[in-house]
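Below: one structure, written as C-alpha cells.
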Amino acid sequence: MDRRTPADGSATPPMTMERLIELLDAYGARSEQWPFGERAAALALLRHSAEARARRDEAARLDTVLDQAVAPAASPELLARVLATAPSSRPAAGPERRDRTHDRPGPSEPLLPARGRRLPGRRWRVAAATSLAAAGVSLAAAAAVMLWLARAPEVSEQAGAAPALAMLDTYDAPTDALLESDSLDLTDALPALGCRDGEWGCPELDAVEERSSTVPTRRIHA
Amino acid sequence: MSDPPTSDDTLVARVGAGDAVACRELAERHLHRIVSLAYRLLGNHADAEDVAQETFVRLWTHAARWQPGGARLTTWLHRVTLNLCRDHRARRREQPLEAAGEPVDPRPSLADAVHERTLALHVSAALGSLPERQREAIVLCHYQGLGNIEAAVVLDVSVEALESLLARGRRALRRRLAAVAPALLGEG
C-alpha cells in the first residue's frame with residue numbers, strides 16, 4: 001500500500017524532516033490537509049523540533065497570503081436560476097415530458113416560469129435580446145420598403161435624373177415620407193419642456209442652440 | 001436538539017423522484033462552494049455562475065441514476081465543475097485567465113502590496129498564471145479543502161502526482177508573490 005494513503009495510521013513510517021518538508025511544500029501548514037496516515041507522526045515531529053516548527057511557520061505565511069484571494073459568493077439570482085432548472089420546476093411540455101421528469105410543484109417551491117434546460121443564464125438573455133432587436137429591425141425595414149414602393153412614381157418625377165447624392169440635403173428623398181403625414185402634425189409630438197416656438201413651430205431645442213449658437217438651424221421641410 | 005442533516009445520498013435520491021425541497025437543500029448546501037471553485041479556476045464571476053448552474057443541471061439530470069454509497073457527491077460535483085471549467089477555458093483560449101487578471105503594475109510599492117485588495121489581486125493573478133493542472137490542484141486542496149485522496153480522484157491522478165503538482169504550484173506562487181509581499185512571506 002502507498003505510504004501516503006494508508007487505510008489507517010497503523011502502518012505509518014516514522015516521520016523524517018525530509019518528509020515533513022515535502023508535506024509542508026505540498027499541502028501547506030494546516031495539518032488537516034496532510035495525509036491522514038502521516039498526520040500524527042508529523043505533529044509529533046513538530047512538537048520536538050524547532051527546525052520543523054520554523055518550516056511549518058514558513059508554509060503558514062504562504063497560506064495566509066493565499067487566503068487573501070477571496071471568492072465571491074453565489075448570488076441569490078443564481079440560486080433562483082438553479083432551482084428553476086430543478087426537476088419539479090421543469091416545464092410540462094406534454095404528458096410524456098411530465099412522466100419523464102416527475103414534474104410536480106413542490107411544497108415550498110415557487111412555480112417559476114417554464115424554461116428549457118440550459119436557461120436563464122447570461123447567454124440566454126443576450127441571445128433573446130439580440131433576436132428581439134433583429135426582429136424589430138426587420139419589421140421596420142419591411143415597412144420602409146412598402147412606403148417607398150407606394151410613393152415611388154411621385155418621387156421619380158420630383159427627382160428626375162439628378163444624382164442621388166444631390167438629394168441628401170433637400171429632404172425630398174422618398175424616405176422623408178416616413179416623416180410626413182397628411183393628417184398628423186409631427187411638431188405636436190415634440191416635448192413642451194426644453195422646446196420653444198420658432199419659425200417652424202418648434203424646430204429648435206434650447207440645448208442645441210446653447211451648444212452651437214453660430215450654426216444655422218436646419219429647416220425641417222424644404 | 002436538532003436532527004442531524006440529511007445525507008447527500010438521501011437528498012439526491014429524493015431529487016431523482018422530483019422532490020423540490022431536496023433540490024433546494026442540495027443547492028443551498030453546495031452552490032456557494034461550486035461557485036468558488038469555478039471562480040478560482042476561471043477568474044470571472046459571471047462565467048463561474050454559468051458553470052455552477054450547468055453543474056446543477058447535470059446533477060438534476062443524473063439524480064435518478066445516482067448510486068448511493070459510491071462516489072461522494074462533493075467529489076462528483078467538483079469533477080463535473082472542473083471539466084466544465086476546462087471546456088470553458090478551451091473555448092476562450094484567445095483570452096487566457098492570466099491576461100485578464102494581471103495587475104496593471106507588476107511591481108507596486110510595498111505599501112500598496114500589503115493592502116488587502118491589492119494583495120488579493122496579486123494572489124489571483126499569480127494563481128491564474130500557473131499551469132492549469134497546478135492551479136487546479138491548489139484550488140482543490142487549499143481553497144476547496146479537499147483531502148489528498150479526493151483531490152487526486154477529481155484530477156484523475158495518483159496521490160504522488162497530486163503532491164508534485166501542489167509542491168510545484170506553491171513554489172511558483174511563493175516566487176511570484178515574494179516580489180509584492182516579501183514581508184508577509186518572511187523574506188523582507
Side-chain angles (χ1 to χ4, degrees), chain A residues 2 4-5 21-28 30 32-36 54 57-75 77-90 100-110 117-124, chain B residues 15-24 27-28 31-32 34-37 39-40 45-50 52-54 56-57 60-61 63-64 116 119-124 127 138 141-143 145 147-149 152 158-160 162-167 170-171 173-174 177 181 184-186:
Chain A
D2 176 17
R4 295 170 193 177
T5 58
I21 292 172
E22 287 178 359
L23 293 178
L24 293 169
D25 284 348
Y27 301 104
R30 297 170 187 153
E32 66 271 19
Q33 288 297 118
W34 300 342
F36 177 78
D57 293 345
E58 184 181 330
R61 283 193 286 272
L62 179 58
D63 288 342
T64 301
V65 171
L66 295 181
D67 288 342
Q68 299 301 310
V70 179
S75 66
E77 292 77 17
L78 175 62
L79 179 60
R81 279 160 48 194
V82 165
L83 294 178
T85 64
S88 58
S89 299
R90 286 177 188 164
R100 275 203 313 271
T101 58
H102 308 282
D103 284 346
R104 71 182 184 205
S108 66
E109 185 68 19
R117 181 171 174 274
R118 295 177 55 88
L119 1 122
R122 190 164 42 108
R123 289 189 209 97
W124 183 90
Chain B
V15 168
D19 185 335
V21 176
C23 292
R24 176 176 287 278
E28 290 177 342
L31 184 59
H32 176 65
I34 293 306
V35 169
S36 295
L37 170 64
Y39 174 79
R40 293 188 195 284
H45 192 207
D47 291 344
E49 291 206 336
D50 282 350
Q53 181 180 354
E54 180 62 24
F56 275 86
V57 166
W60 307 148
T61 305
E116 190 174 288
L119 184 55
L121 287 174
H122 279 294
V123 173
S124 296
L127 196 62
I138 287 177
C141 290
H142 182 83
Y143 291 107
N148 61 337
I149 297 174
S158 67
V159 172
E160 289 86 350
L162 172 73
E163 283 194 7
S164 175
L165 289 169
L166 287 169
R170 285 178 63 96
R171 275 198 296 272
L173 287 173
R174 176 180 290 279
L177 295 171
L184 290 177
L185 290 172

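First the proteins, then the strands, lettered A, B, ... as listed; each starts at 1.
For a residue to count as touching a neighbouring chain, one of its non-hydrogen atoms must lie under 4.5 Å from one of that chain's; by this rule A:D57 does not touch chain B. For A:A60, no part lies near chain B; criterion is any non-hydrogen pair under 4.5 Å.
When all heavy atoms of A:V82 and B:W60 are compared, the closest pair comes out as O-NE1, 3.2 Å. The nearest pair of heavy atoms linking B:Y143 to A:A69 is CE2-O, 3.9 Å. For A:A26 against B:E163, the heavy-atom pair with the smallest separation is CB-O, 3.8 Å. Across all non-hydrogen atoms, the minimal contact from A:P87 to B:C23 is CD-SG, 3.6 Å. Between A:P72 and B:H45 the shortest heavy-atom distance is CG-CD2, 3.5 Å.
Between the side chain of B:E49 and the main chain of A:S75, a donor-acceptor pair closer than 3.5 Å is present.
Atom-to-atom distance recorded for A:L79:CG and B:R24:CZ is 5.5 Å, nearest 0.5 angstrom. The distance from atom CG of A:L78 to atom CG of B:D50, rounded to the nearest 0.5 Å, is 8.5 Å. Note: B:E160 CD to A:E22 CD = 10.5 Å, rounded to the nearest 0.5 Å. A:R81 contributes atom CZ, which lies 9.5 Å from atom CG of B:L31 (distance to the nearest 0.5 angstrom). Note that the CZ atom of B:R171 and the CG atom of A:L62 stand 12.0 Å from one another [nearest 0.5 Å]. Atom-to-atom distance recorded for B:H142:NE2 and A:R30:CZ is 4.5 Å, nearest 0.5 angstrom.
The residue among A:L66, A:D25, A:V65 with the most heavy atom pairs within less than 4.5 Å of chain B is A:L66.
You'll find the side chain of A:L83 stays beyond 4.5 Å of the side chain of B:E28, heavy atoms only.
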